[in-house]
> 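I am attaching a structure below and will ask some questions about it afterwards.
From a predicted model like this one, the values you see are computed outputs, not experimental measurements.
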Amino acid sequence: MNKHGDTRRRLILSMGALAALTACGGQPGTASVIDRQITVGTGLTLHVRDWTSGKGGNNDVIVLLAGLGANAHAFDSLAPALAHRHRVLAITRRGYGQSSKPAPIDANTYAPATLVADLLAVLDTLKIQRILLAGHSIAGNEVTLFAGSHPQRVRGVVYLDTTYDYSHDIVWTGEAIPDNPIMDAPEPQAADLASLDASISYAKRIHKQWWPAMEAYWRDTLDILPGGSVRPNTPLAVAAAMSEGARTLSPDYRAVRAPALVIVAQPSTLVDMMPWITHQTDPRDLADARAWLRIYPQMHGPDCQRIAAALPGSTLLTINNASHGDFFIEYEMAVVNAIEAMRWEK
């Protein structure tokens, strides 16, 4: 999520500041949650976290899909907040966390159409007919494709800082984008994988803030080896196939008929965008980082204007001073209130 190449393709829009918002998320809620393993194919299961609600049953369900590399635990704060009024499912897509990692590892096995079929299988197994579908980052592909392919199953869609089209780079003709690895999160070194605590310390260095939900998500990305060291439980080949598959889809927004809410995280400072930058960073690297921070919002707006035009009548909300990876935790109540204010289909 931190690669500047991916950031260029991220959904972006600026509609004005939300300076009055306070950071009120991050604490796990009290709603009851059940961890399920749902069979979606022969020998293939997905990890689903299922928050029940006294008000929301099978007729009022929100499904949350995590971004690339993440898992259902990423929503351990947002989901309970939504579960005050709805049943909420957070799903870990194939290849990640506690979900199966099937072979062959190629773009077809991990293509958006395959992920959409997995989602449909989950809903059918749980006997859920219609949903409000929300996806973070690259999960916007799954949101668009599912809503267009199965309109009768969707009451509304929520794009959580996604992008218009992952199959093409955003066209930018302004000042040159620096080609500097400082804009990418530093890779973990051997010492960062020596133990679970060391890995968590590394994760804290590359994220803007650290929340209980993020720690739960991070733990679920790791295998602990016999000697106490850790390694990612998603093979690099799976991550590459998932990324490749995502870039094979040019989304058809014309097929999306349900009401749409687009929520955009707009970084305002280096901490929002590159929290690994410190006062000890080389001045030349710092200048490049600041240039990218300056350029990014200018790329952001036009890309999201395309999504707004493609989804007539959609509601757009921009949250400034926000990080792509955790804005729905830091500004949890802003996200919840925006969802609750929408007029979704019955």
> Are Lys208 and Asp272 close enough, and set up right, to give a side chain to side chain contact (heavy atoms under 4.5 Å, CB included), and what steps lead you there?
CA-CA 6 Å; Lys208 177 184 178 181; Asp272 294 332; 2.7 Å; yes
> Is any side-chain heavy atom of Pro267 closer than 4.5 Å to one of His324?
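No - every pair of side-chain heavy atoms lies 4.5 Å or more apart.
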> Search all heavy atoms of Arg294 against all heavy atoms of Gln298 and return the closest pair with its distance.
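Answer, listing the atom of Arg294 first, then Gln298: O-NE2, 3.0 Å.
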> Indicate whether any N or O donor in one side chain lies under 3.5 Å from an N or O acceptor in the other, for Ser167 and Asp165.
yes
> Whether Glu215 and Lys204 form a salt bridge (side-chain N of Lys/Arg under 4.0 Å from carboxylate O of Asp/Glu) is what I want to check.
no
> Any chain of hydrophobic side-chain contacts (each under 4.5 Å) joining Met333 to Leu78?
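Cluster IDs for Met333 and Leu78 match.
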> With a 4.5 Å cut-off on side-chain heavy atoms, are Val256 and Leu311 touching?
yes
> Using modelled atom types only, decide if a donor and an acceptor are shared between the side chain of Gln189 and the backbone of Glu187 within a distance under 3.5 Å.
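Yes; at least one donor-acceptor contact below 3.5 Å.
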> Find out if a path of hydrophobic residues (ILVMFWY) with successive side-chain heavy-atom gaps under 4.5 Å connects Leu193 to Ile224.
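Hydrophobic grouping puts Leu193 with Ile224.
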> Is any side-chain heavy atom of Leu65 closer than 4.5 Å to one of Val63?
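Yes - at least one pair of side-chain heavy atoms lies under 4.5 Å apart.
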> Between Ala147 and Val154, what is the shortest heavy-atom contact and its length?
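That would be CA-CG2, 3.9 Å.
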> Under 3.5 Å, is there a donor-acceptor pair linking the side chains of Tyr159 and Thr144?
yes
> Identify the heavy atoms of Val157 and Leu132 that sit nearest to each other, and give their distance.
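It is N-CD1, 3.9 Å.
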> Report yes or no: does Asp60 contribute a side-chain atom to a donor-acceptor pair with the main-chain N or O of His86 at less than 3.5 Å?
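Checking the backbone N and O of His86 against the side chain of Asp60, no donor-acceptor pair under 3.5 Å is found.
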> Sub-3.5 Å donor-acceptor pair from the side chain of Trp210 to the main-chain atoms of Ala203, do we have one?
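No: the side chain of Trp210 does not pair with the backbone of Ala203.
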> Checking side chain to side chain contact (heavy atoms under 4.5 Å, CB included) against Val48, which of Ile34, Ile38, Val40 comes through?
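When Ile34, Ile38, Val40 are each tested with Val48, the side chain to side chain contact (heavy atoms under 4.5 Å, CB included) holds only for Ile38.
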> If you compare all heavy atoms of Thr221 against all heavy atoms of Gly69, which two are closest, and at what distance to 0.1 Å?
CG2-O, 4.1 Å
> Report yes if the distance between the aromatic ring centroids of Phe328 and Phe75 is under 6.0 Å, otherwise no.
yes
> Scan side-chain atoms only and decide if Asn320 and Ser268 contain a donor-acceptor pair under the 3.5 Å cut-off.
no
> May I ask you to check whether His47 and Asp35 show a side-chain donor-acceptor distance below 3.5 Å?
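There is such a pair (donor and acceptor under 3.5 Å, judged by atom type) between the side chains of His47 and Asp35.
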> Heavy atoms only: give me the nearest Gln266-Pro297 pair and the separation to one decimal.
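Looking at all heavy atoms of both residues, the shortest contact is NE2-CB, 3.8 Å.
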> Using the side chain to side chain contact (heavy atoms under 4.5 Å, CB included) definition, which of the options Ile91, Leu145, Val143, Asp124 pairs with Leu119?
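Only one of Ile91, Leu145, Val143, Asp124 forms a side chain to side chain contact (heavy atoms under 4.5 Å, CB included) with Leu119, namely Ile91.
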> Tell me, do Asp118 and Arg93 make a side-chain contact under 4.5 Å, heavy atoms counted?
no
> For the residue pair Met299 and Trp292, what are the closest heavy atoms and their distance?
SD-CZ3, 3.7 Å
> Evaluate side chain to side chain contact (heavy atoms under 4.5 Å, CB included) for Val335 paired with Ile319, printing each intermediate quantity in order.
CA-CA 9 Å; Val335 174; Ile319 301 175; 4.3 Å; yes
> Are the side chain of Thr281 and the backbone of Ile277 linked by a donor-acceptor contact shorter than 3.5 Å?
no
> Verify, without hydrogens or angle tests, whether Tyr166 (side chain) and Gly245 (backbone) share a donor-acceptor contact under 3.5 angstrom.
no
> Does Tyr110 reach the main-chain N or O of Glu244 with its side chain, forming a donor-acceptor pair under 3.5 Å?
no
> Between Asn141 and Ala246, is there a donor-acceptor pair closer than 3.5 Å when you use the side chain of the first and the backbone of the second?
yes
> Are Val271 and Ile295 linked, directly or through intermediate hydrophobic residues, by side-chain heavy-atom contacts shorter than 4.5 Å (ILVMFWY only)?
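No; Val271 is not reachable from Ile295 via cluster members.
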> Have Ser199 and Trp218 got a donor and an acceptor in their side chains that come within less than 3.5 Å?
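Ser199 vs Trp218: donor-acceptor pair found between side chains.
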> Whether the side chain of Thr39 engages the backbone of Gly41 through a donor-acceptor N/O pair (distance < 3.5 Å, no angle test) should be reported.
no
> Are the side chains of Ile339 and Leu261 in contact, using a 4.5 Å heavy-atom criterion?
yes
> Any donor-acceptor pair under 3.5 Å linking the side-chain atoms of Arg205 with those of Ser201?
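Judged by distance alone, the side chains do not pair up.
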> Please check: side-chain N/O of Thr92 versus main-chain N/O of Gly97, any donor-acceptor pairing under 3.5 Å?
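The answer is no, because no donor-acceptor pair under 3.5 Å joins these two groups.
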> For a 4.5 angstrom cut-off between non-hydrogen side-chain atoms, does Leu133 reach Arg155?
no
> Can a donor-acceptor pair be found, under 3.5 Å and without considering hydrogens, that links the side chain of Arg130 to the backbone of Lys346?
yes
> Are the side chains of Met273 and Ser323 in contact, using a 4.5 Å heavy-atom criterion?
no
> Tell me, please, which residues at least two apart from Asp282 pass side-chain contact (heavy atoms from CB on, under 4.5 Å).
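side-chain contact (heavy atoms from CB on, under 4.5 Å) list for Asp282, sorted by chain: Arg284, Asp285.
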> For the residue pair Asn58 / Arg87, report whether a side-chain donor-acceptor contact shorter than 3.5 Å exists.
yes
> Does either side chain, that of His84 or that of Glu340, offer a donor lying less than 3.5 Å from an acceptor on the other one?
no
> Just grab all the ring-ring contact (aromatic ring centres under 6.0 Å, His included) pairs involving residues 228-263, residues at least two apart or on different chains.
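Residue pairs passing ring-ring contact (aromatic ring centres under 6.0 Å, His included), neighbours aside: Tyr164-Tyr253.
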> Please tell me whether Glu332 and Ser77 have a donor and an acceptor in their side chains that are separated by less than 3.5 angstrom.
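The answer is yes; a qualifying pair exists.
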